[in-house]
Peer 1: 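Pasting in a structure now, in structure tokens, and then I'll have a few things to ask.
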Amino acid sequence: MSIELPSPLEDPPISTQPADDEPPISIVPRSTGTSWWFKRQPSRDTLPPPPVVPVDQERSYAEQLQRGLERAVDRAISTQDERGAWSADPDPRLFDTAFVAYVLSHVDVGEASAAVERAYPWIERHSPQNHDPVALLLDATPRRLLIGDFSPIDLRGPTLYSNLYRRKTLLLYTLGLHAGVRVLSPYVAPQLKDQVKRFFDRVDKIRTKQWNKVDLISVYAILEALDGNRSIAASVCERLVQLQSPDGGFCNNPLSTAIAFLALSVGISGSLPWQRCLEHLLRAQCADGTWRFCTCDVWDTTVTVRAFVDHPLFARRAVPRALGFLREMQNPDGGWGFRPNTESDNDTTSSALLALRDHEDDASLLSAERGIAFLLGLQREDGLWATWQASEDHPVEDCVAHITAAIAAFRGTHTRSIRAAQRWLEEQYEQHGRWTAGWYRNLPYSTLEVSKGLRSGHPIAYGAVRQLLVLQNPDGGFPPEPSEPSTPSATGLAVAALAEHYDVHQPFLRRAIEYLLGTQRDDGSWQGEPEMYGPRPLTTHYQTTTDAFVGFGLMAAWRRMVKER
């Protein structure tokens with residue numbers, strides 16, 4: 001739940017900032033009409049025809065692509081688990097590890113002290129993320145508190161109190177108060193506590209994400225304890241305990257678990273819930289001393305199936321078990337959460353439906369019918385969808401496009417239910433000169449996925465795909481954002497988008513595919529970079545999605561070559 005923060009003197013005006021689940025403003029460029037992404041490009045007829053490739057060179061090119069694809073498919077099959085799913089711990093991040101280490105450093109328990117000591121070497125070696133100033137602040141603050149840097153925490157920037165960042169700013173503010181550090185902010189602590197108390201008083205009536213509730217209830221308990229109101233803090237912790245998972249953690253992620261443990265430590269230290277939460281945090285520490293953000297088993301499975309489903313070996317060896325896992329993970333409401341035992345969200349639900357498309361067995365069709373009914377039931381009056389089942393949530397472009405594509409796949413392209421949403425997607429491109437994904441910092445991703453939410457051959461979709469050409473780097477690869485180094489995931493997604501419109505023998509596509517084949521590792525995978533938002537504006541990296549995103553590109557090129565034979 002977003003918290004309405006008053007100004008020091010009066011209530012604030014209604015915010016026009018994006019909600020907590022909208023993409024950061026810093027990565028949504030406003031078009032001036034002269035920017036590179038908005039300039040009118042030549043028509044497709046001005047592209048030269050593909051070069052005439054000698055038969056032996058064409059055969060060599062096709063064979064190299066085939067070998068690289070086979071290695072990728074072999075890896076996908078070998079990494080599928082016994083459930084039929086794909087799941088991987090994300091790469092470690094400074095925010096998660098430093099945040100948990102700070103919390104454990106205030107526990108007078110030998111095992112907690114030992115865990116902090118194991119985390120120190122990793123924390124000292126790694127730098128904060130700097131692609132966004134708020135990400136830098138989030139990464140740097142818990143680390144400097146942990147190492148004893150008690151200089152003031154500057155939270156004066158107005159952007160920090162937008163709907164997008166307000167809850168994360170509140171966590172840093174609370175952490176600073178707990179550490180006894182001066183916090184520079186236009187808001188004083190009593191104002192914050194009053195606002196969080198109002199949330200707590202209505203917590204059972206508010207429809208919001210589970211981790212929102214955990215974070216804000218925890219903050220309220222900590223603020224009451226810091227004011228000396230131990231009995232109130234204890235009663236708030238009793239409500240918090242109702243959200244504790246059977247494994248002792250909260251919401252399957254170390255951030256919510258750590259802030260909840262800090263609340264339990266100041267409210268009901270030594271209690272059974274406190275002990276269970278401590279044991280969970282100690283168990284969750286990895287061998288390298290880090291704590292990792294949550295896994296995304298369902299999401300990873302949907303994108304892996306979508307990437308490789310047309311490959312004959314993958315279709316035979318992996319798809320049946322993967323679809324079985326997805327059907328089993330469907331929630332009673334008909335939707336899917338991004339991981340097991342998580343509330344349904346619209347983006348994972350639509351991605352699961354896209355994985356189920358073209359599978360006409362009774363079980364898959366029944367599952368799809370329930371999923372479509374779930375999505376239609378959450379359509380807003382304006383014809384759009386938010387990502388989460390939360391009252392404060394707003395639509396984001398990739399999620400809306402996934403939903404329109406899923407509904408079109410199962411209900412036909414002429415259903416009235418997606419017209420308004422498709423018009424909105426068109427308007428977003430016309431307004432900004434590009435699409436921006438709510439969940440990935442990756443322009444080729446947003447271009448590929450959102451273009452599929454429009455009808456086939458849509459001129460705006462083609463124009464957006466064509467704009468990717470100016471992104472290509474000298475090494476043949478494509479960057480996540482303009483002027484950045486190439487990455488395999490961005491390149492794979494760009495190839496997937498471009499191969500739908502251009503001959504795979506065009507030089508720019510050959511160079512991109514050669515980049516992918518040249519960067520493939522011996523085990524069939526690719527090096528990845530943090531690109532999935534969570535929590536925004538921090539990014540994290542999942543190996544499963546990197547390999548799937550490259551797979552989108554290799555499979556698109558392979559399908560074109562097979563079709564041309």
Peer 1: Any luck finding a side-chain donor-acceptor pair between Asp139 and Gln129 under 3.5 Å?
Peer 2: no
Peer 1: Is a donor from one side chain sitting under 3.5 angstrom from an acceptor on the other, for Gln422 and Arg455?
Peer 2: no
Peer 1: Supply the atom-to-atom distance His541 NE2 to Gln543 CD, rounded to the nearest 0.5 angstrom.
Peer 2: 4.5 Å
Peer 1: Parallel, tilted or perpendicular: which fits the ring planes of Phe338 and Trp388, with parallel below 30° and perpendicular above 60°?
Peer 2: perpendicular
Peer 1: Quick one, Leu170 and Arg166 - any side-chain contact, counting heavy atoms below 4.5 Å?
Peer 2: no
Peer 1: Would you please indicate yes or no on a ring centroid separation below 6.0 angstrom for Phe293 and Phe95?
Peer 2: no
Peer 1: Checking side-chain contact (heavy atoms from CB on, under 4.5 Å) between Trp435 and each of Asp398, Ile460, Val396, Leu443, which is the one that passes?
Peer 2: Ile460
Peer 1: If you measure from the Lys or Arg side-chain nitrogens to the Asp or Glu carboxylate oxygens, is any gap between Arg292 and Asp288 under 4.0 Å?
Peer 2: yes
Peer 1: Is it the case that atom CZ in Arg71 sees more than 12 heavy atoms from other parts of the structure closer than 6.0 Å?
Peer 2: yes
Peer 1: Taking atom types as modelled, find out whether Thr295 and Arg339 have a side-chain donor-acceptor pair closer than 3.5 angstrom.
Peer 2: yes
Peer 1: Tell me if the centroids of the rings in Phe508 and Tyr502 come within less than 6.0 Å of each other.
Peer 2: yes
Peer 1: To the nearest 0.5 Å, tell me how far Arg559 CZ sits from Asp310 CG.
Peer 2: 5.0 Å
Peer 1: Would you compute the distance between atom CG of Leu326 and atom CZ of Arg321 and round it to the nearest 0.5 angstrom?
Peer 2: 12.5 Å
Peer 1: Just by distance, do the side chain of Asp547 and the backbone of Trp526 share a donor-acceptor pair under 3.5 Å?
Peer 2: yes
Peer 1: Can you check whether Ala352's main-chain N or O pairs, donor with acceptor, with Arg306's side chain at less than 3.5 Å?
Peer 2: no
Peer 1: Do any N or O atoms from the side chain of Thr544 and from the backbone of Trp86 form a donor-acceptor pair under 3.5 angstrom?
Peer 2: no
Peer 1: Set out, in order, the CA-CA distance, both residues' side-chain angles and the distance that settles side chain to side chain contact (heavy atoms under 4.5 Å, CB included) for Arg510 and Val504, then state yes or no.
Peer 2: CA-CA 7 Å; Arg510 288 186 68 113; Val504 291; over 6 Å; no
Peer 1: Would you find a donor on one side and an acceptor on the other, under 3.5 Å apart, between the side chain of Gln379 and the backbone of Trp385?
Peer 2: no
Peer 1: I'd like to know whether CG of Asp382 has more than 12 heavy-atom contacts from other residues, nucleotides or ligands below 6.0 angstrom.
Peer 2: yes
Peer 1: Where the side chain of Ser451 meets the backbone of Thr447, is there a donor-acceptor pair that is under 3.5 Å apart?
Peer 2: yes
Peer 1: Output, in order, the C-alpha distance, side-chain angles, deciding distance and verdict of side-chain hydrogen bond (donor to acceptor under 3.5 Å, both in side chains) for Arg521 and Gln527.
Peer 2: CA-CA 8 Å; Arg521 298 186 291 204; Gln527 177 69 37; 3.1 Å; yes
Peer 1: Would you check if there is a donor-acceptor pair between the side chains of Gln66 and Trp558 at a distance under 3.5 Å?
Peer 2: yes
Peer 1: Looking only at non-hydrogen atoms, find the nearest pair between Pro537 and Ala135 and report the distance.
Peer 2: CG-N, 3.5 Å
Peer 1: So Tyr440 and Ser446, do their side chains get closer than 4.5 Å, heavy atoms only?
Peer 2: no
Peer 1: Determine, using ring centers only, whether Trp336 and Phe325 are less than 6.0 Å apart.
Peer 2: no
Peer 1: Does the side chain of Ser489 come under 3.5 Å of the side chain of Glu529 through a donor N or O and an acceptor N or O?
Peer 2: no
Peer 1: Can you find a side-chain donor-acceptor pair between Arg434 and Gln467 that sits under 3.5 Å?
Peer 2: no
Peer 1: Could you check Asn331, Asn346, Leu353 and say which one makes a side-chain contact (heavy atoms from CB on, under 4.5 Å) with Phe374?
Peer 2: Asn346
Peer 1: Verify, without hydrogens or angle tests, whether Thr97 (side chain) and Leu94 (backbone) share a donor-acceptor contact under 3.5 angstrom.
Peer 2: no
Peer 1: Give a yes or no answer on whether the side chain of Ser350 reaches the backbone of Ala406 with a donor-acceptor pair at less than 3.5 Å.
Peer 2: no
Peer 1: Walk me through it: do Glu343 and Gln210 pass the test side chain to side chain contact (heavy atoms under 4.5 Å, CB included)?
Peer 2: CA-CA 8 Å; Glu343 61 261 49; Gln210 190 86 329; 3.5 Å; yes
Peer 1: Taking the side chain as every heavy atom from C-beta outward, state whether Pro479 and Thr487 have any pair of such atoms under 4.5 Å apart.
Peer 2: no
Peer 1: Looking just at side-chain N and O atoms, do Glu531 and Thr539 make a donor-acceptor pair shorter than 3.5 Å?
Peer 2: no
Peer 1: Would the distance check show the side chain of Arg83 and the main-chain N or O of Ala322 forming a donor-acceptor pair, the cut-off being under 3.5 Å?
Peer 2: no
Peer 1: Distance only, no hydrogens: is a donor on one side chain within 3.5 Å (strictly under) of an acceptor on the other, for Thr387 and Asp345?
Peer 2: no
Peer 1: Do Val495 and Leu554 have side-chain heavy atoms sitting under 4.5 Å apart?
Peer 2: no
Peer 1: Atom NE2 of His280 and atom OG1 of Thr257: how far apart are they, to the nearest 0.5 Å?
Peer 2: 4.5 Å
Peer 1: Name the orientation class of the two ring planes belonging to His131 and Tyr533 (parallel below 30°, tilted from 30 to 60°, perpendicular beyond 60°).
Peer 2: tilted
Peer 1: Counting N and O atoms only, with roles assigned by atom type, does the side chain of Thr290 sit under 3.5 Å from a partner on the main chain of Cys286, one being a donor and the other an acceptor?
Peer 2: no
Peer 1: Could you tell me if Asp215 and Ser218 have a donor-acceptor pair between their side chains, going purely by distance under 3.5 Å?
Peer 2: no
Peer 1: Does Leu516 offer a backbone N or O that forms a donor-acceptor pair with the side chain of Thr519 under 3.5 Å?
Peer 2: yes
Peer 1: Would you call Leu376 and Ile407 a side-chain contact if the rule is heavy atoms closer than 4.5 Å?
Peer 2: yes
Peer 1: Between Glu500 and Lys452, does at least one N-O distance fall below 4.0 Å, as a salt bridge requires?
Peer 2: yes
